[in-house]
Structures are given as C-alpha cells and as structure tokens.
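All values reported here derive from a predicted model rather than from experimental measurement.
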Amino acid sequence: MELDFERCYRAVDSRDQRFDGWFYTGVLTTGIYCRPSCPAMTPKRKNVRFFPSAAAAQRSGLRACRRCRPDAAPGSPDWNVRADVVGRAMRLIGDGVVDREGVPGLAARLGYTERHLNRMLVTEVGAGPLALARAQRAQTARILVETTELGLADIAFAAGFGSVRQFNDTIREVYAAAPSELRTAARGRSAGPTAGTPGAISLRLAFRAPLHAEALLDFLALRAIPGIEEVADGSYRRGLRLPHGPAEVDLTPLPGYVGATLRLTDVRDLAPAVARCRRLFDLDADPEAVDALLAEDPALAELVAKEPGVRVPRSVDGFEMAVRAIVGQQVSVAGARTVLARLVAATSVPAPAEPAGAAPPIFPPESGPKSGQPAGLRPFPSPEEVLALPDSAFGMPTARRDSIRGLAEAVATGQLDLDPGADRAEMVDRMTALPGIGAWTAGYVAMRGIGDPDVFLPTDLGVRRGAAALGLPDTPSTLDAYAGRWRPWRSYAVIRLWRAE
C-alpha cells in the first residue's frame, strides 16, 4: 500500500484523529511508532517513516509508543470496504483464524497458496500473516496483563504464544517493557476502564468520531431476542458463541470510546470477541467520509446534519443474521422477534466448551454476572442445533422452515461461508441458490452479516417508505437507480432511510 508522505505528515502535524488506524508513524530517532494523533512533539520530516500497519512498524524494529498506545487505535476502515483477498484476509486474521488454524488454514479459506497470500499481504500492509497475527497476540497479551489477575504463563498461552519465552521476548520488543512491568504500571494508574468487575475483562473500544449511539441502541433494542440480547440503561448486552466456548458481553457507548465488559469461558477467545464486538457496532467505520458523501444529496443533508455518525448495526454471527433475515421475510419486526424468541427457547443451552489444553477460565464457575445484569444470556443457536429442532419449534410456514433448515445444512457442511472473510459476491450467489431465499434476504445478510458497506435494498418496504417521506422516488427500480449516487456507502443510506420512515 502506497502512503503519500505529505498527506500523512500533515495529518501527524495536525494530530488528526481521523487518521488513527489508517497508518502509523515511525520515528527512526526514538525507535517508536505512534498514532497520527499522538500528542508528543511532531518529529522532523527526515526522522519519519510511515507504515500501513502496526505489524509493519514492528517488523522494522520499532516499538509501540506508551503515550498514545497505537495498538489500541481503531482498525482501518479500508478492511470494511475492500472485498478483495487482502481485505478478507485482514478480517479473518482479526477474528483469530491464524492463531487457531495457522497460515495454512487462512490460505485454505481464501483459496490461495501460503506463498502468494504472504506476498499479497506484504505488498499491501507491509507484513505477512504471521507478523500480523503476532502484533494482534501482543495486543491481546497486554490487555490480559493489565486487566486480569491471570498468571503471566497462563496469559502467554491464552494470547496464542507458543512458549513463555516467546511471549516475554515479544512483549519486550513491542512495548519495551517486561510483562511484569506492564502489570505494575497498570496498577499504578488511577482506576478506569481496566478496573473491571471480578471475573470479567473490561476495556475500551476506540472509534472514529462521531458515533450516533442512540441510533445503534434503538435499532438493536427493537430487534433484541429475549434470552440472547437486551438493551437497558444505555448498554447493549448479549451472548456470544466463540471458538472455545460461550461468552457474554456488555457494550456501553461513552464519550470517546465504547466500554466493553467481557465474560469469557476461555481467555483465548479475547481477540475474536473484541473483533466481533467492533464489527457489531461498526466501530472501524470512517463516519466523516460516509456523511460527507451522503450529505451531498439534498434529500439526506438535513438528516446527516441532525444525526452525524449513524452506523450500520452489524452482526457477531453470520448464521444468526441469515436466520433473522429469513424469519423477517414479509413480517413485521415485532413478529419476527416473537418467532425468533420461540425458536431460541426450543434449543437447549450448550455447556461451556472444554477444549484440550485450554487455558483456565477468566472467571470461576461459581461466579455470576455483576449485580444488576441479567443472567443466562446465551449465544444464538448453532446450525446443528437448528437442524435438530422439531417442526413445532419454528412457528412459521412450512416453506420458510424448510429454507432455514436448508441454510443451516449449507452452513454446517461448509457449502455456505458466512464468516467475516467470506467472498461477498460468492456468498450472495450461494444464498440465492438455496430454496426460498431471494435478493432481499441475501442483500440483508451481506449488509449486516458480512459487513458490505455498499448494499441497497430497493424492494424493502421500510426503505421505500423512508424514501417517500424524503420526497425521493419510491418504486424499486427508480429508487435503485437513484441510490447509485450513494455508492460506496449505500448500506448507510439504508439505515438513514429506515430512520426516516
């Protein structure tokens, strides 16, 4: 990826937070790398080098700045937009695929050889998959060191390191401090988001301002499935299905960050849990770029000015979103919620996973959630659980029930990929080939389940009503043609039209 030196340097000189996560500033004289918004004195031009990723900076022998914490910056919005192999690879690495399946597993998912995949990533982001995964492991380890009481040896393996020595060497190299020094420094700071509830990991999730939290929470509250999720007191809580067991998460939008409290069965799931929470709240988006384009349309300009930073509420589970889409065909949001609640209630609650060699749980089995929070939030049923349900559990027409079962079988057998790194065009083609699934359903899944920022739903009744309320054409064909001016952010336009309905 080519970075324009003058543009990057101007962003650093002005400490522009909008560029955090887009690139990293390496200061050759100090041997550190920073966010563009780092409050330290702006380095001289001759001493600066810019990198497209933290892993690329680390690969050049630089360590993370302790002042601006560049590893905690929001991710690049490029990976949300790009549907190519590099974009898919970055989403899968963020979800922890390299730690679980290695580079061969990542390459197999993408359909490329390891060598070719490594070459593409080095060209685009300055580091191969191993280096990118290593940078993520270092960040995961730092969070665990600073926010939990786990022993350092347990943290080493929970974060994905092959040995304690590798863990110690990496932390020293990236943060210029031993793990024990990081823990001591964290305890010396005033109580903040890291001073969490016993039995939980609490951390801040960064985002690019503005963030219209009310729009996010309103959308999720209207569609919340009892037993799976709830919105209360300005927070969103839900169960998660993670690679090593179920988990619960509490997300609270606050000024400048989203507070996240995670209760994990296995601490090895921290990185994928964080990645899925960020994806759910669309925290890596570039809202100024989105709003600037949408505001060029006079029909949307007033809405954008009134509610800047509206995001696309996405998903922690592609299969869950696909089932929601099928159930929601030609029924109201309230009706779909009732049907989904019945389906969830019919499935048994899965026992926490006990993988071989698992790290100890982050909380003891007897500890419950913090006071005032609901107990028993569980993940959405898996494809296998849905396939095992009797006909009476579905509460819907036979054709729609068969569509859900066909979907579950396709996902369970690997015929349909709904993971974050799925090929978006291929996913739509394979979904629409299944019985009872049309363009609206596949488009809804592409927008919320896979995270495509440029999906438009011209036949959606809510979209058409919103368009009519704004004086826009409201027939599917004319509205679809009109929406071309909102590319590549048509998914955000859909949310705007739903809110205008």
Would you give me the side-chain donor-acceptor pairs under 3.5 Å for residues 101-108, sequence neighbours excluded?
{"residue": "Glu101", "atom": "OE1", "partner": "Arg109", "partner atom": "NE", "Å": "3.2"}
{"residue": "Glu101", "atom": "OE2", "partner": "Arg109", "partner atom": "NE", "Å": "3.4"}
{"residue": "Glu101", "atom": "OE2", "partner": "Arg109", "partner atom": "NH2", "Å": "2.7"}

**OP:** Determine which pairs satisfy ring-ring contact (aromatic ring centres under 6.0 Å, His included) with at least one residue from residues 49-72, sequence neighbours left out, and list them in order.
**Re:** Phe5-Phe50, Phe23-Phe50
**OP:** Please say whether more than 12 non-hydrogen atoms of neighbouring residues, nucleotides or ligands are located less than 6.0 Å from CD in Glu307.
**Re:** yes
Subject >> Ionic contact status for Arg314 with Asp282, cut-off 4.0 Å >> reply: yes
**OP:** For the pair Arg448 and Glu320, evaluate salt bridge (Lys or Arg N to Asp or Glu O under 4.0 Å) and give the outcome as yes or no after the intermediate values.
**Re:** CA-CA 10 Å; Arg448 295 196 59 206; Glu320 172 186 336; over 6 Å; no
Subject >> Donor-acceptor under 3.5 Å (Asp419 side chain, Leu92 main chain) >> reply: no
Subject >> For Pro70, all residues meeting side chain to side chain contact (heavy atoms under 4.5 Å, CB included), sequence neighbours excluded >> reply: Tyr24, Tyr33, Arg35, Ala64, Cys65, Cys68
Original post:
Below 4.0 angstrom, N of the basic side chain to O of the carboxylate: do Glu146 and Arg69 qualify?
Top reply: yes
**OP:** Kindly determine whether Asp250 and Arg263 satisfy salt bridge (Lys or Arg N to Asp or Glu O under 4.0 Å), including the steps that lead there.
**Re:** CA-CA 9 Å; Asp250 182 334; Arg263 300 182 65 84; over 6 Å; no
Original post:
Hey, does Met427 have a side-chain heavy atom less than 4.5 Å from the side chain of Ile450?
Top reply: yes
Subject >> Beyond-backbone contact of Met120 with Arg115, side-chain heavy atoms, under 4.5 angstrom >> reply: no
Subject >> Ion pair check, Glu214 and Arg499, cut-off under 4.0 Å >> reply: no
Subject >> Electrostatic pair Arg18:Asp286 at N-O distance under 4.0 angstrom >> reply: no
**OP:** Check the pair Thr184 / Arg187 against side-chain contact (heavy atoms from CB on, under 4.5 Å), numbers first and verdict last.
**Re:** CA-CA 5 Å; Thr184 299; Arg187 288 172 176 169; 5.8 Å; no
Original post:
Once you round to the nearest 0.5 Å, how far does CG of Leu262 lie from CG of Leu203?
Top reply: 6.0 Å
Original post:
With side chains defined as the heavy atoms from C-beta onward, is the minimum distance between Pro243 and Asp269 less than 4.5 Å?
Top reply: yes
Subject >> Non-hydrogen side-chain atoms of Arg49 and Ser60 separated by less than 4.5 Å >> reply: yes
**OP:** Look at Arg183 together with Glu149 and state whether they make a salt bridge at an N to O cut-off of under 4.0 Å.
**Re:** no
Subject >> Sequence-distant partners of Asp291, salt bridge (charged side-chain N to carboxylate O under 4.0 Å, His left out), two or more places apart >> reply: Arg496
Original post:
Do other residues, nucleotides or ligands put more than 12 heavy atoms under 6.0 Å from the CZ atom of Arg119?
Top reply: yes
**OP:** Ignoring hydrogens and angles, tell me if any N or O in the side chain of Thr140 forms a donor-acceptor pair with the backbone of Ala159 under 3.5 Å.
**Re:** no
Subject >> Heavy-atom side-chain proximity of Pro36 to Trp22 below 4.5 angstrom >> reply: no
**OP:** Could you walk me through whether Thr265 and Leu242 pass the side-chain contact (heavy atoms from CB on, under 4.5 Å) test, one step at a time?
**Re:** CA-CA 9 Å; Thr265 299; Leu242 298 172; over 6 Å; no
**OP:** For the pair Thr252 (side chain) and Val258 (backbone), establish whether a donor and an acceptor sit closer than 3.5 Å, ignoring hydrogens and angles.
**Re:** no
Original post:
Tell me the salt bridge (Lys or Arg N to Asp or Glu O under 4.0 Å) pairs involving residues 52-62, sequence neighbours left out?
Top reply: none
**OP:** In plain terms, say whether Arg237 and Glu230 are close enough for a salt bridge, that is, a side-chain N and a carboxylate O under 4.0 Å apart.
**Re:** yes
**OP:** Among Arg324, Arg337, Arg378, find the one that has a salt bridge (charged side-chain N to carboxylate O under 4.0 Å, His left out) with Glu229.
**Re:** Arg324
Original post:
So does Asp71 pair up with Arg142, basic N to acidic O under 4.0 Å?
Top reply: yes
Original post:
Got a second to check how far Arg241's CZ is from Ile228's CD1, nearest 0.5 Å?
Top reply: 8.5 Å
Subject >> 4.5 Å side-chain heavy-atom contact, Val145 and Phe167 >> reply: yes
**OP:** Output the distance between atom OG (Ser315) and atom CG (Leu280), rounded to the nearest 0.5 Å.
**Re:** 7.5 Å
Original post:
Do Arg223 and Phe219 meet the cation-pi criteria used here (NZ or CZ under 6.0 Å from the six-membered ring centre, within 45° of the axis)?
Top reply: yes
Original post:
How far does CD1 of Ile143 sit from CZ of Arg204, to the nearest 0.5 angstrom?
Top reply: 13.0 Å
Subject >> Donor-acceptor pair, side chain of Ser76 and main chain of Asp78, under 3.5 angstrom >> reply: yes
Original post:
When rounded to the nearest 0.5 angstrom, what is the spacing between CD1 in Ile93 and CG in Leu132?
Top reply: 5.0 Å
Subject >> Within-4.5 Å side-chain heavy-atom neighbours: Thr148 and Val267 >> reply: no
Original post:
Could you state the interatomic distance from CG (Asp84) to CG (Leu110), rounded to the nearest 0.5 Å?
Top reply: 10.5 Å
**OP:** List for me each residue that meets salt bridge (charged side-chain N to carboxylate O under 4.0 Å, His left out) alongside Arg45, sequence neighbours excluded, and say none if there are none.
**Re:** Glu6
**OP:** Spell out, as yes or no, whether a donor-acceptor pair under 3.5 Å connects the side chain of Asp284 to the backbone of Gly75.
**Re:** yes
Subject >> 4.5 Å side-chain heavy-atom contact, Pro272 and Arg100 >> reply: yes
